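Beneath this line is the structure, given in structure tokens, with notes to follow.
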2 protein chains.
Amino acid sequence: MRENTLGSLIWLRLMRFTNQSNQMSNVFLKRFDLTTAQFDVLMQIRIYQPLTQMELAEKVTITQGGISRMLARLEKEGYITRKLDWKTKTISLTNKAEKMLEKVTPEQVAFQSSFFHDVLTEEEQQTLYKLMTKVHKHSQKKELPPV
Amino acid sequence: MRENTLGSLIWLRLMRFTNQSNQMSNVFLKRFDLTTAQFDVLMQIRIYQPLTQMELAEKVTITQGGISRMLARLEKEGYITRKLDWKTKTISLTNKAEKMLEKVTPEQVAFQSSFFHDVLTEEEQQTLYKLMTKVHKHSQKKELPPV
DNA sequence: GCATGTGACTTGATTAATCAAATGATCAAA
DNA sequence: TTTGATCATTTGATTAATCAAGTCACATGC
């Protein structure tokens with residue numbers, strides 16, 4: 001047990017939980033023909049539109065190549081448009097996507113929330129959010145030690 | 001903002017954090033020619049060996065197909081052996097893997113822990129662990145609503 | 001003892017992510 | 001007005017995961 005610090009236990013829990021709940025979310029969203037990643041991207045566009053691909057990639061922690069292909073798929077589905085302004089493509093949602101999100105978002109939000117709402121009190125949720133925010137913000141500043 | 005319940009904010013934080021720290025962990029482990037997933041699998045084998053592929057797949061929340069290929073890779077690298085007992089393959093670590101883990105584990109554990117240790121007090125870590133354990137255990141029991 | 005079932009694992013097809021090299025558009029300077 | 005520099009995006013190669021169908025060894029019932 002010497003090696004199992006509290007931190008590594010937390011890490012494992014977080015990984016297992018997100019992995020698993022992500023899979024469940026994919027199953028849940030299949031009825032709308034969406035993946036969790038796609039829903040996430042569409043929501044970010046909804047909030048921040050219009051924005052560039054780089055900004056979007058940054059927000060959802062995916063590579064530029066990844067966002068390029070993902071947006072190509074969403075564009076083919078008719079959920080977004082990309083227009084070339086100056087040298088940058090700005091992304092916006094189509095009406096089709098707005099309508100779809102209006103319907104799907106409450107369900108998906110309820111689904112996500114149920115993971116926490118069912119077992120934690122309001123106060124515990126506040127605490128969890130506060131702690132994870134601290135941890136997340138810290139990790140974004142983190143430098144990897146040199147090889 | 002109506003739609004952003006506390007739960008969905010937590011969900012997003014967790015996803016972003018694990019996604020990002022997982023990527024960082026992959027970079028960190030590259031020096032040992034390992035991925036985070038491989039390290040995770042090897043650690044589980046170390047703790048629970050000997051065990052079957054099904055049990056292992058269950059533990060690391062991956063499909064049977066996934067674990068089959070992953071173990072094939074680890075076997076080719078000389079980290080594990082699989083022998084056919086009755087109709088089940090039991091997996092164990094090789095000496096090579098034991099030695100490697102002895103060296104890598106403390107570093108990886110320290111790396112994981114640093115995400116939490118640097119910004120949370122011991123007590124806050126305890127709280128975070130307790131809350132995530134509750135949430136995780138609950139999610140494992142969760143049934144998806146029917147389509 | 002043959003046929004059928006079952007359980008554990010593998011594999012083919014598909015999907016989606018990564019990295020790194022290529023493309024394409026604008027700007028800046030000679 | 002061509003040449004190079006820079007920046008955003010795309011694309012080819014590779015890796016790894018999923019699902020579902022396939023294999024293989026043993027068990028069980030007729």
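In the text below, chain A, chain B and the rest are named by the order of the sequence lines, each starting its count at 1. None of these values were measured; they are calculated from a predicted model.
Residue contacts for A:Ile67: at a heavy-atom cut-off of 4.0 Å it reaches no nucleic acid atom on any strand shown.
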List the atom pairs, with distances to 0.1 Å, where a side-chain N or O of residues 124-133 of chain B and a protein N or O form a donor-acceptor pair under 3.5 Å, not counting sequence neighbours.
residue: B:Glu124; atom: OE1; partner: B:Thr121; partner atom: N; Å: 2.9
residue: B:Glu124; atom: OE2; partner: A:Lys134; partner atom: NZ; Å: 3.1
residue: B:Thr127; atom: OG1; partner: B:Glu123; partner atom: O; Å: 3.0
residue: B:Thr133; atom: OG1; partner: A:Arg13; partner atom: NE; Å: 3.0
residue: B:Thr133; atom: OG1; partner: B:Tyr129; partner atom: O; Å: 2.6

Side-chain atoms of residues 60-71 of chain A: list all donor-acceptor pairs with protein atoms under 3.5 Å, sequence neighbours left out, distances to 0.1 Å.
residue: A:Thr61; atom: OG1; partner: B:Asn19; partner atom: ND2; Å: 3.1
residue: A:Thr63; atom: OG1; partner: A:Gly66; partner atom: N; Å: 3.2

Using atom types as modelled, flag every donor-acceptor pair under 3.5 Å from a side chain in residues 106-116 of chain B to any protein atom, sequence neighbours excluded.
residue: B:Gln108; atom: NE2; partner: B:Ser25; partner atom: OG; Å: 3.2
residue: B:Ser113; atom: OG; partner: A:Thr5; partner atom: OG1; Å: 2.6
residue: B:Ser113; atom: OG; partner: B:Val109; partner atom: O; Å: 2.7
residue: B:Ser114; atom: OG; partner: A:Lys142; partner atom: NZ; Å: 2.7
residue: B:Ser114; atom: OG; partner: B:Phe111; partner atom: O; Å: 2.6

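As rounded to whole Å, 16 Å separates atom C1' of D:dT9 from atom CG of A:Leu74. At whole-Å resolution of the value, CG in A:Asn26 and C1' in C:dT14 are 15 Å apart. Whole-Å rounding puts the B:Gln23 CD to D:dT15 C1' distance at 15 Å. For the pair A:Glu55 CD and D:dA8 P, the interatomic distance rounds to 9 Å; values are reported in whole Å. Atom CG of A:Leu34 is separated from atom P of C:dT15 by 16 Å (rounded to the nearest Å). Distance, A:Asp40 CG to C:dA16 P: 15 Å, rounded to whole Å. Distance CG (B:Leu71) to C1' (D:dA17): 14 Å, rounded to an integer number of Å. Rounded to an integer number of Å, the gap from CD of A:Gln53 to P of D:dC7 is 17 Å.
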Report, one pair per line, the protein and nucleotides 21-23 of chain C atoms (nitrogen or oxygen only) whose separation is under 3.5 Å.
none

Please tabulate the protein-to-nucleotide N/O contacts below 3.5 Å involving nucleotides 19-23 of chain D, giving atom names and distances.
none

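When distances run from any side-chain atom of B:Ala37 to the nucleotides D:dA17, C:dT10, C:dA17, the shortest one goes to D:dA17. Counting only heavy atoms from C-beta on, B:Gln38 has its side chain closest to D:dA16 among D:dT11, D:dA16, C:dT10. Between C:dT11, C:dA17, D:dT18, one nucleotide has an atom nearer to the side chain of B:Ile62 than all others, and that is D:dT18. Here D:dA8 is the nucleotide among D:dA8, D:dA16, C:dC9 with the atom lying nearest to any side-chain atom of A:Met54.
Applying the salt bridge (Lys or Arg N to Asp or Glu O under 4.0 Å) test to pairs two or more places apart or on separate chains, none has a residue in residues 90-100 of chain B. Pairs of residues two or more places apart, or lying in two chains, never qualify as salt bridge (Lys or Arg N to Asp or Glu O under 4.0 Å) while including a residue from residues 52-64 of chain B.
A close approach under 4.0 Å does not occur between any side-chain nitrogen or oxygen of B:Arg73 and OP1 or OP2 of C:dT10.
Taking A:Lys30 as the reference, nothing meets the side-chain contact (heavy atoms from CB on, under 4.5 Å) condition, with sequence neighbours excluded. A:Glu77 meets the salt bridge (charged side-chain N to carboxylate O under 4.0 Å, His left out) test with no other residue; sequence neighbours excluded.
Looking at B:Gln53 and B:Arg82, their side chains do bring a donor and an acceptor atom within 3.5 Å of each other.
Note that A:Arg46 lies outside the cation-pi zone of A:Tyr48, set by a 6.0 Å cut-off to the ring centre and a 45° limit from the axis.
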